[in-house]
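Beneath this line is the structure, given in structure tokens, with notes to follow.
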Amino acid sequence: MQKKYILEMFPYPSGNIHMGHVRNYVIGDICARYHKLKGDEVIHPMGWDAFGLPAENAAIQFNTHPQDWTFSNIQNMKDQLKKLDLDLDWDRELATCKEDYYRYQQELFIDLYNAGLAYKKDALVNWDPEDQTVLANEQVIDGKGWRTGALVEQKVLSQWFFKITNYAEELLNDLDELTLWPDKVKTMQKNWIGKSIGAEIKFQIVGKDDQLNIFTTRPDTIYGATFIAISVNHNLVSKYLKEDEIEEIKKIFSNNIDDKEKQGILLDIKCLHPILEKEMPVYIANFVLDNYGEGAIFGCPAHDERDYEFAVKYSLPILKVIKCEDNELPFTQDGEVINSPLLNGLKKTEAIKKIIEYFEDKNIGKESINYKLRDWGVSRQRYWGCPIPVIYYEDGNYRVLDKSELPVLLPYDVNLNGKGNALLNHDSWRKIICPKTNKVAFRETDTLDTFVDSSWYYIRFLDNKLGKPFDTNKVNEYLPVDKYIGGIEHAILHLLYSRFFMKALRDIYKLNVNEPFKQLFTQGMITHKTYKTQNEEWVMPKDVIFTKGKLIRDKTKELIQEGPSEKMSKSKKNVVEPDEILESYGISATRFFMISDSPPDRELEWTDEGIQSSKNLVRRIEKYFTIDKTSLKEDTEKIIEKFIYNIEKNILNFSLNKCVADIYTLFNYLEKEKVFLYDSEISKKILVCLYPIVPKMCLNISKELFKSVEIGNWPSINTDLLLETNINLPIQVKGKLVTTIKTKKGYIEEDILKSIYEIDKIKNKILDRKVLKVINVQDKIINIITT
RNA sequence: GCGCCAGUGGCGGAAUGGUAGACGCGCUGGUCUUAGGAACCAGUGGGCAACCGUGGGGGUUCGAGUCCCUCCUGGCGCACCA
């Protein structure tokens with residue numbers, strides 16, 4: 001028996017499932033049900049990504065508790081999912097906010113720490129001064145906190161990090177292994193990791209003992225360097241400037257209206273050019289990133305657009321070192337090196353190679369590889385997350401707990417007021433006596449980023465009740481996940497973190513799994529037309545009616561304007577509710593429509609006509625099977641074999657829209673040719689093929705026809721019948737289609753040509769011309785080439 | 001700006017380099033009626049025709065929607081990444 005692990009991204013329990021979930025889970029369910037019918041051992045679990053900010057905010061807003069709110073949402077959403085007829089392994093269910101999940105995550109944290117993959121350091125974070133908490137980047141809108149509207153500050157805090165950068169190279173290289181991932185996602189990850197090959201060069205500061213390291217991908221332009229620029233957060237800055245001076249500069253930079261406008265503050269130090277030994281000015285510049293490379297650059301204005309702009313603004317010399325016309329400056333392409341004694345005449349690649357050799361020789365630089373990828377900051381100053389198993393002593397030292405000291409449970413009795421971290425204010429939870437030292441200690445009050453929770457849930461599903469995080473043998477046997485289905489919005493974060501986790505756990509536990517997800521399928525979002533009143537008020541589709549050639553709001557009779565189809569969103573109110581759709585159209589029509597109108601990886605526009613025609617299809621099939629007679633045509637069996645073959649192929653390719661087309665084609669044939677199957681074996685075969693898509697409808701029909709709810713196994717195909725013997729053979733003259741002839745497969749070319757030349761259309765085409773050549777692609781096409 | 005993806009009827013979309021437009025929606029005409037969110041039948045790329053048609057222009061090929069070059073348009077992602 002072949003194992004198939006089919007997984008859809010688990011939902012955040014926000015309260016209700018939405019149409020996007022429905023599409024996601026129906027696609028996965030079709031896949032899982034197909035494999036079960038094929039006799040595969042299918043794992044198809046579901047769980048809850050249950051920690052996170054919305055629970056805390058809801059708790060404050062509705063005066064409830066995050067845990068109660070979350071559990072009640074889970075219950076509600078589980079009920080909703082059950083109405084979708086999903087064949088899920090509910091006995092594998094997990095919720096990341098429950099002790100029996102997060103306590104094992106705390107074990108993994110300890111493992112990572114012991115492996116040197118978790119560490120603590122000071123870092124710049126977004127700080128909301130009113131809420132007294134760190135905000136994620138996506139919670140900062142126009143520099144302001146999304147909840148408070150307060151101006152967000154950059155603040156240095158001591159934070160926990162996971163050393164994902166250790167795996168940068170492997171995360172990049174192994175993308176090539178992921179042949180069943182969309183290229184788009186792989187490209188996004190590649191860009192995010194952002195590998196650059198270049199050089200690290202040391203610049204001496206004149207008259208001081210200090211050196212400045214600089215990363216560059218263009219060491220070949222070193223002779224054109226005319227200035228140095230460093231980030232305001234560079235550690236050299238704090239050495240030469242006072243705190244208040246630095247603050248002043250930061251203020252100047254942040255007051256910049258156009259943040260692309262380059263600004264520089266000249267420092268009172270000079271740098272020595274490593275080859276020419278001339279003195280160069282050093283600027284603090286707003287465009288130098290402090291978190292990339294060394295936070296410092298050498299400016300080569302002639303061959304870099306940003307440096308050029310800066311040099312022009314501050315009247316710095318522009319030295320050409322790549323051959324080009326003056327009006328081409330800044331010239332950033334490859335070219336012949338000039339004005340560079342060591343490199344003249346060389347092209348970029350050779351010049352880079354040679355100059356690096358020179359630097360290494362002189363011990364002032366070396367080849368260097370740089371990544372955009374930063375280590376993953378996992379600390380969150382929030383209550384509703386997995387506690388980090390660390391304690392702090394009064395002397396400032398900390399200790400990561402032993403596994404035997406776990407779990408660190410979240411206290412239930414917290415005071416949530418939106419001001420800061422409730423754990424920090426919970427003294428009786430925070431303060432403990434360390435059992436090892438008998439000293440007073442304080443628990444870590446930061447919790448883990450919820451992306452940590454989702455980085456290994458697919459492993460926990462394999463054995464959700466085990467007394468340790470996972471069983472090594474099971475992981476080796478059942479991972480990677482064969483098909484992982486979800487939205488493209490997780491292209492970087494979740495999918496990159498999970499890949500990192502898998503690799504880290506592989507190394508710690510000696511697993512033989514490299515990648516968590518063998519195949520990734522990203523389903524498209526669901527869109528809907530938007531509606532609003534003259535007063536720019538959004539109106540839900542169900543409140544809009546069409547009468548007398550006009551769209552009006554049902555209740556108020558206001559005139560409605562129709563806008564373009566956009567992603568369903570609560571803010572624009574262009575949503576339909578799954579519960580209401582199921583009520584009106586039934587589960588089978590809903591499942592059909594989820595895959596009908598466009599390929600699953602593209603957007604699906606929700607339309608009344610679309611869902612209605614799905615319902616009509618259901619009714620049509622059901623009606624067909626009530627016709628109580630059987631009569632076959634000669635080609636019926638062949639058509640059925642072809643149908644099975646196509647459905648199977650299209651399910652495996654995720655071409656589910658084509659499955660629907662196959663179904664229409666089949667029933668068009670059956671009805672038009674008056675082929676009736678009723679309770680025949682062929683009906684059984686058809687029902688098995690429809691079952692993954694519309695299980696409920698098939699069971700109902702099966703009950704009627706066969707008095708059975710056993711749907712059986714996926715039918716095997718008689719491939720002999722698939723080979724059409726009668727074919728329509730296209731005949732071309734000079735590559736253009738002239739006619740088609742009916743013939744049999746395996747015809748003899750010479751024989752058939754004789755009859756072709758007798759056809760009037762062909763005769764007329766050839767007439768007084770000479771036949772140069774006849775191309776016969778056996779059983780496919782014949783092309784007659786004439787003069 | 002860089003990267004990726006995509007441009008096919010009125011619309012959604014089909015086409016291992018081999019009959020472009022499967023299938024659906026919509027539309028047109030008709031049938032029936034136990035008036036339904038029906039059902040059924042016929043038709044539906046353009047043109048009177050020969051023919052012309054897959055964003056524009058070139059190329060490879062006996063043959064291109066499909067492969068190559070180039071340009072245009074749209075979507076998504078990243079965005080001062082040195």
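In the text below, chain A, chain B and the rest are named by the order of the sequence lines, each starting its count at 1. Please read these numbers as outputs of a predicted model, since none were measured by experiment.
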Looking at [X], I'd like to know whether one of its side-chain N or O atoms comes within less than 4.0 Å of OP1 or OP2 on [N].
X	N	value
A:Tyr292	B:A82	yes
A:Lys674	B:C40	no
A:Thr187	B:G77	no

*Indicate whether the side chain of A:Asn776 and that of A:Tyr747 have a donor and an acceptor atom separated by less than 3.5 Å.*
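Yes, because at least one side-chain N or O of A:Asn776 sits under 3.5 Å from a partner of the opposite role on A:Tyr747.
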*A:Val694 backbone acceptor or donor facing A:Arg591 side chain under 3.5 Å*: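 Side chain of A:Arg591 to backbone of A:Val694: no pair is present.
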*Would you find a donor on one side and an acceptor on the other, under 3.5 Å apart, between the side chain of A:Asn370 and the backbone of A:Ser196?*
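A pair under 3.5 Å: no.
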*asked:* For the aromatic rings, using the six-membered ring if either is Trp, is the centroid distance between A:Phe227 and A:Tyr314 under 6.0 Å?
replied: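 Aromatic pair excluded; centres sit 6.0 Å or further apart.
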*For RNA chain B, what string of dots and brackets results from 5' to 3' when Watson-Crick and G-U pairs need both distances under 3.5 Å, crossing pairs get [ ], and pairs with another strand get |?*
(((((((..(((.....[....)))((((((.......))))))((....))..(((((..]....))))))))))))....
_P gap between B:G63 and B:U19, integer Å_ =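 It works out to 15 Å between them.
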*What distance separates A:Met9 CE from A:Leu495 CG, expressed to the nearest 0.5 Å?*
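Rounded to the nearest 0.5 Å, the CE-CG separation comes out at 4.5 Å.
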*Hey, could you give me the SG/CD1 distance between A:Cys689 and A:Ile640, rounded to the nearest 0.5 Å?*
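A:Cys689 atom SG to A:Ile640 atom CD1 measures 8.5 Å (nearest 0.5 Å).
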N/O contacts under 3.5 Å, protein versus nucleotides 17-22 of chain B?
from  : atom 1 : to       : atom 2 : distance (Å)
B:G18 : N2     : A:Gln732 : OE1    : 3.3

_According to salt bridge (Lys or Arg N to Asp or Glu O under 4.0 Å), does anything in residues 219-231 of chain A pair up with another residue at least two apart or in another chain? List the pairs._
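As it turns out, the salt bridge (Lys or Arg N to Asp or Glu O under 4.0 Å) pairs with a partner in residues 219-231 of chain A, which skip direct neighbours, are A:Arg218-A:Asp220.
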*Have a look at A:Phe287 and tell me which of A:Tyr292, A:Phe310, A:Tyr308, A:Phe253 forms a ring-ring contact (aromatic ring centres under 6.0 Å, His included) with it.*
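Option passing the ring-ring contact (aromatic ring centres under 6.0 Å, His included) with A:Phe287: A:Phe310.
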*Is a donor-acceptor pair below 3.5 Å formed from side chain A:Lys734 to base B:C62, judging by atom type as modelled?*
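For A:Lys734, whose side chain was compared with the base of B:C62, there is no donor-acceptor pair (under 3.5 Å).
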*So, is B:G21 syn or anti if syn means the angle is within 90° of 0?*
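Glycosidic conformation of B:G21: anti.
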